[in-house]
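Below: the structure, in structure tokens.
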Number of protein chains: 2
Amino acid sequence: MRRSILNDPDQIVPEALEGFVLSHPHLLDLDAEHRFVARKERARDKVGLVSGGGSGHEPLHAGFVGTGMLDVAVAGAVFASPTALQVLEATKAADSGRGVVQIVKNYTGDVLNFRIAGEISGDDAIDTEIVLVDDDLATESSDGEGPGRRGTAATVIVEKVCGAAAEEGKDLHEVAEVGRRVAASARTMSLALAAGTHPGDDAPQFELGSDEVELGVGIHGERAARRVPFTDADGLTDLLLDPLLEELGLAKGDRVLAIVNGLGAAYPLELNLAARRLHHRLRDAGIEVGRSLVGSYVTSLDMHGFSLTLMPLDDELRRLWDAPVRTPALTW
Amino acid sequence: MRRSILNDPDQIVPEALEGFVLSHPHLLDLDAEHRFVARKERARDKVGLVSGGGSGHEPLHAGFVGTGMLDVAVAGAVFASPTALQVLEATKAADSGRGVVQIVKNYTGDVLNFRIAGEISGDDAIDTEIVLVDDDLATESSDGEGPGRRGTAATVIVEKVCGAAAEEGKDLHEVAEVGRRVAASARTMSLALAAGTHPGDDAPQFELGSDEVELGVGIHGERAARRVPFTDADGLTDLLLDPLLEELGLAKGDRVLAIVNGLGAAYPLELNLAARRLHHRLRDAGIEVGRSLVGSYVTSLDMHGFSLTLMPLDDELRRLWDAPVRTPALTW
């Protein structure tokens, strides 16, 4: 049984947002009513960037609000979409007259509420475009039917490169297009050794046998289609890497951006073992790791597991990735 | 039972160090033989800074190697001191001719091995001074006997301000003295809702009843003197804050630096609830939170819990804290 550091479970999101903004007073403002976090110094004369979704994935999204990344992040309850009204107000707050790109992970509720907000914001003469992030290879449908792939850790790349493109002065459509290019080319695979526990619950979201690994798990405690035998760090990393390499058709001479992402309770020693294997495998395949990120960026409460994200990295994306960023969770 | 993302348990530290350095190729170099991480661009003509200790506390210490903080971090096995030979080689690597400050958490093995290394390095004409970090209020001894207070999260402050002082060109003794000033004035209290599990072990380091909290826990799975009843996030935060406020004699008009530090498995929503309570309590007491840091910086594997660190913040320490820093785990 996991006990949580928690007051009233119904107030965890507003209370945590308040604590987060109090801890970053020079960077962030809070709209407590609509539960969004915005840059303290609102950007002027650039395309606005808003993202958001259910809570429980921190530092996503509020941790990526700041110069060079998001203008506004709006928070739903744990694993639940923010409402269309919240998204509308967040979109308004992100607008400085050049329109707003909405970065949306591909979940039914999020897509619906961001779409509605985008349509209504037209009444306020705010142009919007949506970038849909759907990188989770585990939910690839062979026949193209169904809700499509889920959005997971590639969201960090989309938010980073769109943020840089907006700071550069690109227009609404250009910023959205570079985000779509990331979304189209980045793929992620995740696995869990143990599910997370919803705040206030006693039991984890699912149970696994001591010899089982949930391969292709989602970030909301969704079960995967496959359970595979438990193995060592190298073997676990290969379980994620092999399908990614195949799907992306990567070959000798290619260059990628790689993310080794902890899902909550994986500690740095563990993630660094996965990073080591990733680097060894790609080196042996003649694939250059042009840029990488290792840490817990898109989480699922205290789920124990990790994901790998790979994206072919061209010169433009590398330049946008390298551009300065100053947010609570990502700064360079 | 917690399963680990792990290959050979005996190789976890060298493998993780390798993965860590591969993930930060522009910032870091690895000395695989002596298991230390050093800045890729060695500093010239400044006081060197070396720290280190047992592994399992990541991102401490290797995550704080870089401009404005450490020159070298040396790693022992999980929860075990690096050897004197390792520390000696790390100290040599940190020296650019102006001497080396060794930042040492107050544990018997670390203190012994850093002292020996400091003495031997004199043979190579390297001047060294030790800054001992002993901030853990839970191990305050009423009679001054025993090993003294343990070193915990205040290490981050010591490493940051000594790093800034060294970049400013201060001399060996001046850099050490500012570190000692931090160590003398910063205090930490920690609690755990669940112990961590040593890599390769099946069971956590200790078991707690569902109504118990380990108050005053150490970062090596040491039991505390007290178990207190489980309570909500505000109550847990108060358990740490009350003794700190009393010990430091803080009063209206004072200004502090505060760290809310996750011990491993506490996720950001949880830490932000603690941060919120901390800010509310200090605001109500008329104490200014001049600077703060919220995240998992000094951990104990996957221990579930958190610590609070408070330090009175004068203008010099604030200036040194604010100075630019570029490391894997702390950048501004």
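A note on names: the letters A, B, ... follow the listed sequences, proteins ahead of strands, and every chain is numbered from 1. All values reported here derive from a predicted model rather than from experimental measurement.
- With a threshold of 4.5 angstrom between heavy atoms, B:Leu236 approaches chain A through side-chain atoms but not through N, CA, C or O.
- Below 30°, between 30° and 60°, or above 60°: for A:Phe79 and A:His57 the angle between ring planes is below 30°, a parallel geometry.
- Chain A forms the most heavy-atom pairs under 4.5 Å with one residue out of B:Ala275, B:Ser23, B:Ser292, B:Ala265, and that residue is B:Ser23.
- Between B:Leu278 and B:Leu241 there is a side-chain heavy-atom pair separated by less than 4.5 Å.
- The contact between A:Arg291 and chain B is made entirely by side chain atoms (from C-beta outward), counting heavy-atom distances below 4.5 Å.
- If you measure heavy-atom distances from B:Leu191 to chain A, you find no contacts under 4.5 Å at all.
- Of all the listed residues (A:Leu301, A:Val294, A:Val289, A:Ile12), the one sharing the greatest number of non-hydrogen pairs under 4.5 Å with chain B is A:Leu301.
- Both the backbone and the side chain of A:Leu269 come within less than 4.5 Å of a heavy atom in chain B.
- Contact count against chain A (heavy-atom pairs under 4.5 Å) is highest for B:Glu15 among B:Glu15, B:Glu58, B:Gln11.
- Within the 4.5 angstrom heavy-atom criterion, only side-chain atoms of B:Arg2, from C-beta onward, approach chain A.
- Listed for the B:Arg3 side chain is no donor-acceptor partner under 3.5 Å among the backbone atoms of B:Gly200.
- In this structure, chain B has no heavy atom under 4.5 Å from any part of A:Pro328.
- Between B:Pro229 and B:Asp211 there is no side-chain heavy-atom pair separated by less than 4.5 Å.
- At a 4.5 Å heavy-atom cutoff, the contact between A:Ser4 and chain B is made by backbone and side-chain atoms alike.
- Between chain A and the residues B:Asp302, B:Leu6, B:Val13, the largest count of heavy-atom pairs under 4.5 Å involves B:Leu6.
- Interface remark: A:Arg326 contributes no atoms to any contact with chain B (heavy atom separation under 4.5 Å).
- A:Trp321 places a side-chain heavy atom less than 4.5 Å from the side chain of A:Leu293.
- Side-chain contact between A:Val65 and A:Leu27 is absent, with no heavy atoms from C-beta onward closer than 4.5 Å.
- Proximity to chain A involves both the backbone and the side chain of B:Thr331, based on heavy atoms less than 4.5 angstrom apart.
- Under a 4.0 Å N-O distance rule, the pair B:Asp29/B:Arg39 does not qualify as a salt bridge.
- Considering only heavy atoms from C-beta on, B:Asn272 stays 4.5 Å or farther from A:Leu17 through its side chain.
- Of the atoms belonging to A:Leu60, not a single heavy atom falls under 4.5 Å from chain B.
- At a 4.5 Å heavy-atom cutoff, B:Asp202 makes no contact with chain A through either its backbone or its side chain.
- Counting only heavy atoms from C-beta outward, the side chains of B:Ile259 and B:Ile157 approach each other to under 4.5 Å.
- Both the backbone and the side chain of A:Ser210 have a heavy atom closer than 4.5 Å to some heavy atom of chain B.
- B:Phe206 is listed as a side-chain neighbour of B:Val217, based on a closest heavy-atom distance under 4.5 Å.
- For a residue to count as touching a neighbouring chain, one of its non-hydrogen atoms must lie under 4.5 Å from one of that chain's; by this rule B:His280 touches chain A with the side chain only.
- Heavy atoms of A:Val78 lying under 4.5 Å from chain B belong exclusively to its side chain.
- Among A:His24, A:Glu212, A:Arg277, the residue with the largest count of heavy-atom pairs under 4.5 Å with chain B is A:Glu212.
- Within 6.0 Å of CD in A:Glu41 there are 12 or fewer heavy atoms belonging to other residues, nucleotides or ligands.
- The neighbour count for B:Arg281 CZ, taken as heavy atoms of other residues, nucleotides or ligands under 6.0 Å away, is above 12.
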